[in-house]
Q: 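Starting off with a structure, shown below.
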Amino acid sequence: MKERTYVSTAAIRSEFSAAMSAMYRDEVPAYGTLMALVARVNDETLAADPHLKGRLEATDSLERISEERHGAIRLGTPDELSMMRRVFAIMGMYPVGYYDLSTAGVPVHSTAFRPVGDAALKRNPFRVFTSLLRLDLIADETLRDEAAKVLAARKIFTDHAIELVGKAERDGGLDAADAKAFVHEVLETFRWHDKAIVSADMYRRLHDAHRLIADVVSFRGPHINHLTPRTLDIDRVQALMPAEGIAPKAVVEGPPTRNCPILLRQTSFKALEEPVSFIGEDGTWKAGSHTARFGEIEQRGIALTPKGRALYDRLLNDTRAIARPAADGSNAAAYEAALAKVFQAFPDDWNAIRKEGLGYFAYSLTDKGRAARASGRNLGEDIEALIAAGHVQFDPIVYEDFLPVSAAGIFQSNLGDEATQEFAASPNQVMFERDLGVAVLDEFAHYAGIEKASMEECLGAASMADAAE
Ligand code: OOG
Ligand code: NI
């Protein structure tokens, strides 16, 4: 029997990410402008910092950066979420982390689908921040029922996409022709539709309950609402955006500017008001508009340990107790000053971060360490001694996930400036995981695993009895 050859999940993910980027650039030209700006700033940053360039090259991370992006979608029902999980699994993307946005006045909870494991991330780290609408947080029972009815009737996946998912699950993969069709069919789910599936009146009522509810319920599918390229210098891109005709939000979300970047910093530009039409009583279309799609950039830093993350969360809270960024940007300077001051308590030196157990690192032999090994010396297994002797180096492991306070800030900046709604904090990870169909993965365990594997490999290489290569 002829052996079937399947396309790797990573190759399908790369194809899909590229197809999505092309589609969004077509639909939202400002995204193309932002991509060009980010590419330019990344080139300039690398030219000015040969050490950074060298380390990115040595850790196989340089190539992925220009290709790197994340997107976001908002789903309406548990069925949509569990099917989306099966779709992403075919691209090697799994749900990592649980984000409760209800505390921030956004009636959703979320996870991020992304590749896990060092090799898959280096190949292509495409991620999708995926939210599920929480109708249970809508007070108006009639509206809640109407919305649920509209959502139950829509089909966000094409029949062929669903068939191909079943086939991939049964056979353990897709061949080249099926993989190509899969990318094409799944892309349809993320496409923008300018014809709503509700009337103007219903849209208005949904919108009045919460703008996000109108965005999720009123359309045929969960249009991709932004795609975010990764920059090596977010402050520089933020400063250059206005000259490109793009107005960024007032403050960058996340930690302040630092020598040693931690976690994730993000900024976005406001969602565009776009023409849509609503179903009229008599079957005619009624013109209107909808605001959902925006642009964002991000800079990624080191993944923090639970101890480092607790320190980050505490410092962010302390900052926000001094100044909470206003939607209109009026206190941006005061907020940034408070952020910089409070975060002085977070060490800004890689070795200090490492020694205090605040961040995750990948360990490897230096050239000097390799030369010593080649001459047959056993360098021992004392990691601190190896580092002190210059035989071992450590590189920060990149944070691949998201931050709930930042995500809320990004959501809010796109929900308009009307007073934000308050929901009682009601994280419900159990319900989310039931709807998803699996438990979400623990981000910390994942980074710890990458660190541990690098440490074992490095110590093994430093101390093997047989040094001959
Ligand atoms: C998602 C907002 C969160 C991020 O980068 O934190 C997000 C949304 O608006 O649907 O994308
Ligand atoms: Ni985003």
Side-chain angles (χ1 to χ4, degrees), residues 17 20-21 24 28 30-31 34-35 38 68-76 80-81 84 88 93 95-114 125-134 156 189-190 192 210-219 221-231 234 237-238 246 248-249 251-255 263-272 274 290-301 312 316 325 327 398-416 420-421 432 443:
S17 169
M20 181 100 99
S21 183
Y24 201 61
V28 181
Y31 166 64
L34 209 49
M35 282 220 300
V38 164
E68 180 160 351
R69 58 188 77 92
H70 84 252
I73 51 169
R74 302 151 184 172
L75 301 171
E80 291 175 0
L81 181 65
M84 197 53 96
F88 282 135
M93 295 159 72
V96 181
Y98 171 77
Y99 304 92
D100 169 38
L101 280 304
S102 65
T103 36
V106 183
V108 303
H109 48 184
S110 320
T111 188
F113 287 96
R114 67 166 176 86
F126 184 54
R127 329 169 174 76
V128 178
F129 191 93
T130 303
S131 300
L132 176 63
L133 179 65
R134 292 188 62 181
I156 67 167
T189 299
F190 294 80
W192 175 252
H210 197 291
R211 212 161 98 175
L212 206 83
I213 302 173
D215 182 54
V216 177
V217 177
S218 306
F219 299 92
H223 39 249
I224 182 90
N225 66 49
H226 66 285
L227 272 185
T228 304
R230 174 173 165 197
T231 176
I234 197 168
V237 180
Q238 169 100 342
I246 299 172
K249 73 194 275 301
V251 303
V252 173
E253 298 289 343
L263 297 172
L264 174 65
R265 302 183 70 212
Q266 301 174 303
T267 183
S268 59
F269 66 81
K270 281 221 164 84
L272 317 164
E274 302 182 84
H290 180 62
T291 311
R293 300 194 296 175
F294 61 98
E296 183 192 41
I297 51 168
E298 67 188 10
Q299 180 171 359
R300 291 190 171 264
Y312 170 80
L316 190 66
V398 176
Y399 187 59
E400 308 285 353
D401 294 288
F402 294 86
L403 296 169
V405 175
S406 297
I410 298 292
F411 267 106
Q412 285 304 349
S413 70
N414 287 292
L415 291 175
T420 57
Q421 222 166 310
F432 186 81
E443 59 179 73

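All residue numbers refer to positions in the sequence shown, counting from 1. As a basis for the values below, the full set of heavy atoms in this structure was taken, side chains included, without hydrogen atoms, waters or symmetry mates. Numbering of ligands and ligand atoms starts at 1, following listing order.
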Q: Taking side chain to side chain donor-acceptor pair (under 3.5 Å) as the definition, give me every residue that meets it alongside Gln299, ordered by chain and number, with sequence neighbours left out.
A: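 Side chain to side chain donor-acceptor pair (under 3.5 Å) check on Gln299 returns nothing, list empty.
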
Q: Would you compute the distance between atom CG of Leu133 and atom CG of Leu75 and round it to the nearest 0.5 angstrom?
A: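 Output value for this atom pair is 9.5 Å.
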
Q: Could you tell me whether Glu400 and Arg127 make a salt bridge, using a distance below 4.0 angstrom between a side-chain N and a carboxylate O?
A: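 Salt bridge between Glu400 and Arg127, a charged N being under 4.0 Å from a carboxylate O: yes.
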
Q: Could you please provide the protein residues found below 4.0 Å of ligand 1 on a heavy-atom basis, arranged by chain and number?
A: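 If the criterion is a heavy atom under 4.0 Å, then ligand 1 touches His70, Ala72, Arg74, Phe129, Asn225, His226, Gln266, Phe294, Glu296, Phe402, Ala407, Phe411.
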
Q: Could you point out which residue of Arg293, Glu296, Arg69 forms a side chain to side chain donor-acceptor pair (under 3.5 Å) with His226?
A: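 Considering Arg293, Glu296, Arg69, a side chain to side chain donor-acceptor pair (under 3.5 Å) with His226 is found only for Glu296.
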
Q: Check this for me, if you would: do Asp401 and Arg114 make a salt bridge, where the nitrogen-to-carboxylate-oxygen distance has to be below 4.0 angstrom?
A: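 Salt bridge flag = yes for Arg114 with Asp401.
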
Q: With Pro229, which residues qualify under side chain to side chain contact (heavy atoms under 4.5 Å, CB included), at least two apart?
A: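 Once residues adjacent in sequence are excluded, the partners of Pro229 under the side chain to side chain contact (heavy atoms under 4.5 Å, CB included) criterion are Tyr31, Met35, Val38, Ile297.
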
Q: If you measure from CD on Gln238 to OG1 on Thr267, what distance do you get to the nearest 0.5 Å?
A: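 Those atoms lie 3.5 Å apart.
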
Q: List-wise, which protein N, O or S atoms are found short of 2.8 Å from the Ni ion (ligand 2)?
A: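 Hits for the Ni ion (ligand 2) below 2.8 Å: His70 NE2, His226 NE2, Glu296 OE1.
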
Q: To the nearest 0.5 angstrom, please state how far the NE2 atom of His210 sits from the CG atom of Asp215.
A: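 That separation rounds to 11.0 Å.
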
Q: Tell me if the centroids of the rings in Phe129 and Phe113 come within less than 6.0 Å of each other.
A: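 Aromatic pair excluded; centres sit 6.0 Å or further apart.
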
